[in-house]
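Nothing fancy with the numbering, it's 1 onward along the sequence. Predicted model only: the values in this text are computed from it and were never measured. Start at 1 and go down the list; that is how both ligands and their atoms are numbered.
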Amino acid sequence: MINLNFKYKEIINKLTELFPEKPDIAIILGSGLGDFAGSIRVKNAISTSSLPGYPASTIKGHEGKIIHGEYEGRKILMFQGRIHFYEGYLLSQCILPVFITSKMGIEKILFTNAAGGISENLMPGDLMLTTSFNGISIKKELTDLIGLPDTNEKNNFLDFPSASFNDIIIKAAVTEHIELKNGVYWYTKGPSYETPAEIRMIKKFGGDAVGMSTVHEAIFAAFIGLKAASISCVTNYAAGISNKKLNHAEVTETANLVKDKFERLVKRVITSI
Ligand code: HPA
């Protein structure tokens, strides 16, 4: 595996100095879900633009902040804004929040994202727990980054998403009386939305929801030994599932509508870990 320590040392040092208490969990807030940070006590925050070498967030709804928060005694490291491959960044840059999480000694990382619903079972406003990921379109870049695992190594069989972490999330949803759907999250590189033909193909190959993030982050997280899980907010029907034209505004609007449900679920997950 390539050594990222050298490249990001200054960032890690600055963050550990700023957030001296080890957080219990890291959360990456997806498109339109960044407001979650405002619903818990913020102890300290830093704009990623003041971290030397941290890739700039270029997408609306991605603030570009790292926040140290607290909720009912649990410490949380939140990434308000993610680094997307389609923004032109290298994979070694996209996985930086995961690398930081691991370097800060945090064991669990919760990914959240906005996704297009493909399965008949999903509609805008639903929350979906990821049961498996499909990232074949980014496998080459990932392999270049983490190397081909030796066949004798445990890393060939990743606990990904973490079965025990998924159980915690399922129980949290039951406690909160939130209907949590589940399914396979399929990664596309973007930045344009998929075509209806692409969605038909993804559906045939078993994808339930589609998005442009998370898979490489989650594989990397599992590879370096973190327990990773992912919750998607279904913000729209994927292309061709309905005849409505897709746009980013719809994604952020729907994410806004599910804000309360999402916040309750994530807060319950935080107190359950
Ligand atoms: N496709 C890809 N990414 C997305 C979508 C979609 O339909 N909705 C939100 N993110």
D35 and K259: CA distance, side-chain angles, deciding distance, salt bridge (charged side-chain N to carboxylate O under 4.0 Å, His left out) verdict: CA-CA 8 Å; D35 281 359; K259 219 163 101 172; 3.1 Å; yes

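Distance NZ/K14 to CZ/F19: 10.5 Å, rounded to 0.5 Å.
For H84 and Y89, the ring centers sit 6.0 Å or farther from each other. Between F133 and Y187, the ring centre distance reaches or exceeds 6.0 Å.
In this view, E120 and K203 satisfy the salt bridge (Lys or Arg N to Asp or Glu O under 4.0 Å) rule, not counting sequence neighbours.
Using a cutoff of 4.0 Å between basic side-chain nitrogens and carboxylate oxygens, K261 and E179 are not scored as salt-bridged.
Listed by chain and residue number, the protein contacts of ligand 1 are A114, A115, G116, Y193, E194, V210, G211, M212, T235, N236, L246, V251 (heavy atom within 4.0 angstrom).
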